[in-house]
Amino acid sequence: MDGAPKKSEKLLIVFAILCLCFLVFVSIVYTKIIFPRKIPTLVVSKTDVATRGSIYSQDGFDIASSKKLYKVSVNTESIDPDRKELFINLFSIYSNIPKQVITDKISQKGYIVISYNISPNTAANLRQLNSKFLAYDVFREYEDKNGRIVQKMGISIEVSGVSRIYNYGDMLEPVIGYTKKVENGKITVTEGVKGIEKYRDGILSPKQDGKLRGERDIGFNIIQNKDSKYRPRQDGFDVELSIPLKLQKKVEEILDTAKEKYKSNEIVVGIINPKTGAILSLATTNRFDPKNIKKSDYPYLNVDAIEVSYEPGSTIKPIIYSILLDKHLINPMQSIDLNNGIYRLGKYIIRDDTLPIKKPVIEDVIIRSSNVGMIKLTQRLSGQEFYDGLKSFGFSELTGIDLPYEKNGLIPSVKLLSGEIYKASASYGYGLRTTFMQLLRAYSVFSNGGFLITPYLTQNLIAPNGDIYIPKLPPKKRVIDNLTAQKMQDTLIKVVSNGTGRSAKVDGVIVGGKTGTARIAKEGKYGSLYNGSFFGFVKDDENIYTIGVVAFGSHGSEEYYGSQTAAPIFKEIVKLLKDQGYLKVLK
């Protein structure tokens, strides 16, 4: 049979066919398995977003804290069409998102975000739901348009941002301050703008996000094994304040009532432990909700206790008096001629508000708040001594309180204080400017043996692992002798018992202090608005507190003297300290 193919040729054809089949097989394997673009990566990384630290009150209330917000997304093509209704119903129940919203979202093809604002609790619920969806095959694998098999994947839950929560509204504002939102990569975080939030921003801010990288399972859970890599999360430190929130709330209530009564623009109160510098309360009537700041709140965003300077009026008199006393330039029991309460100063006539008593002594200058007496006494100081004395009490310098944007006030130069006019006007609180906190700090000198201390709000810094750090303060500085400080206490007690501060007296405890009333200058002229002040102390056998009250912008047609506005508020604060157990009734 000459035309029949030889046996060797048949074998060659069979071999060629087998080779062709093998090449097709290899091509399929290469296309479906080996070619990297045809298979999704199984190695993923997850970020554990670190959060800003919390701010706590001294009595343990969480005033400001951070809450993570979560983004929930899904690949709609991975949802089994036969189980889409089940997905919508259960997702709505677990997330509290209306069914129609979910239906509209998943009508789009591909990866879609259902919500960016899921709370931590809801995110935890959705993770549980995701496990159920995977177990009951609500999700499926599918082939994309390029012929690639896409594994079934569940709900993706990731942090979308961090929100700042203020649990008590406007309480302790503007001391706490507020934050603003800033973009950090793909998430939104918060950054301090004012108050403690700003001053302690570096401490409160998170230090490092956690990160886990490794192979994942079909539920997007990373399998933790020897090949996975982990970096721990480092949250910000917590800040614990020296202010008890319960006391602060009561103080603010007192101020709100007083503002309504006296029609002042603002009333500020501070309570400080003069021995340590710890502030127990720093309150104002002008507060705001840090989560809902309106345009009308803009004037209230500053801490006026440290950011506004003003002429202190007669509250400066005890400071100057103590400088004279410490230099042995006066004898409190020595008689003084007060010129019937009238003194000519250049072209000006200075008058006391009340006629002097018969046979006044130097101590009466403070007890009855005589401007004439202060002018005469201050003449015993040189300009340099006057300037140095005010500087030693911390005027025209920052107090060092742990709040941002503190102002330093102003005192006249040595040259001006050497002149008759400036020396005289400064002696009764005009021609110099001080902040509320500077005066509160200065009056503390009388209650701690003569030392200038640094006021503070931060009691502790608490690390994420629970370690506690106490902020270091500058050393206290001696200003006047201990004996001088004690004499000043005695004189200020007489101001309350027999002088201009009678309306601050409280039975059962010892109260001393000084009133002050200063007309407010505007555009170089003094108008009809006044600042009424009372600064002093209260003590029992064990405790002593320095307290300051200023009613800013009281109208001349209303009650505006410090003895009419600030002193009665001071009295209410002292009674509150008694009621709250900070003071004990003397036996």
Open item on the list: Could you go through Lys294 and Asp289, starting from their C-alpha distance and side-chain angles, then the distance that decides it, and tell me whether this counts as salt bridge (charged side-chain N to carboxylate O under 4.0 Å, His left out)?
Closed with: CA-CA 9 Å; Lys294 305 181 292 293; Asp289 181 354; over 6 Å; no

TODO: In sequence, state the C-alpha distance, the side-chain angles, and the governing distance for Glu311 and Ser425, and then conclude on side-chain contact (heavy atoms from CB on, under 4.5 Å).
DONE: CA-CA 11 Å; Glu311 292 179 307; Ser425 60; over 6 Å; no

Open item on the list: Checking Thr515 against Thr500 for the side-chain hydrogen bond (donor to acceptor under 3.5 Å, both in side chains) test, could you report, in this order, the C-alpha distance in whole Å, the side-chain angles of both residues, the deciding distance, and whether it holds?
Closed with: CA-CA 7 Å; Thr515 56; Thr500 57; 3.0 Å; yes

Task: Derivation of the side-chain hydrogen bond (donor to acceptor under 3.5 Å, both in side chains) call for Thr285 and Glu266 - done: CA-CA 6 Å; Thr285 51; Glu266 180 182 18; 5.4 Å; no

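In this structure, a donor-acceptor pair under 3.5 Å is present between the side chains of Ser281 and Gln248. Checking Asn302 against Lys194 by side-chain atom types alone, a donor-acceptor pair falls below 3.5 Å. Judged purely by distance below 3.5 Å, without hydrogens or angles, the side chains of Lys571 and Ser503 never pair a donor atom with an acceptor atom. A donor and an acceptor atom, one from each side chain of Asn286 and Thr284, are nowhere located under 3.5 Å apart.
With hydrogens and angles ignored, the 3.5 Å screen pairs no side-chain donor or acceptor of Asp540 with any backbone N or O of Leu583. Counting only distance, with no hydrogens or angles, the side chain of Ser66 and the backbone of Arg164 share no donor-acceptor pair below 3.5 Å. Under a 3.5 Å cut-off, the side chain of Asn465 and the backbone N or O of Asp467 do form a donor-acceptor pair.
Applying the salt bridge (charged side-chain N to carboxylate O under 4.0 Å, His left out) test between Glu397 and each of Lys407, Lys391, Arg441 identifies Lys391 as the sole match. When Leu403, Thr458, Leu457 are each tested for a side-chain contact (heavy atoms from CB on, under 4.5 Å) with Arg200, only one passes: Thr458.
Using cut-offs of 30° and 60° on the angle between ring planes, the pair Phe535 and Phe436 is tilted. Note on ring orientation: taking the six-membered ring where Trp is involved, the planes of Tyr469 and Phe237 are tilted (angle from 30° to 60°).
For the pair Leu390/Ser396, no side-chain contact is recorded, criterion being any heavy-atom separation below 4.5 Å from C-beta on. At least one side-chain heavy atom of Phe393 sits less than 4.5 Å from a side-chain heavy atom of Val445.
Here Glu252 does not pair with Lys249 in a salt bridge; the nearest charged N to carboxylate O distance is not below 4.0 Å.
Under a cut-off of 6.0 angstrom, the local environment of NZ in Lys578 is crowded, with over 12 non-hydrogen atoms contributed by other residues, nucleotides or ligands. Within 6.0 Å of NZ on Lys250 lie no more than 12 heavy atoms contributed by other residues, nucleotides or ligands.
Checked against a 6.0 Å centroid threshold, the rings of Phe446 and Phe537 do not count as neighbours.
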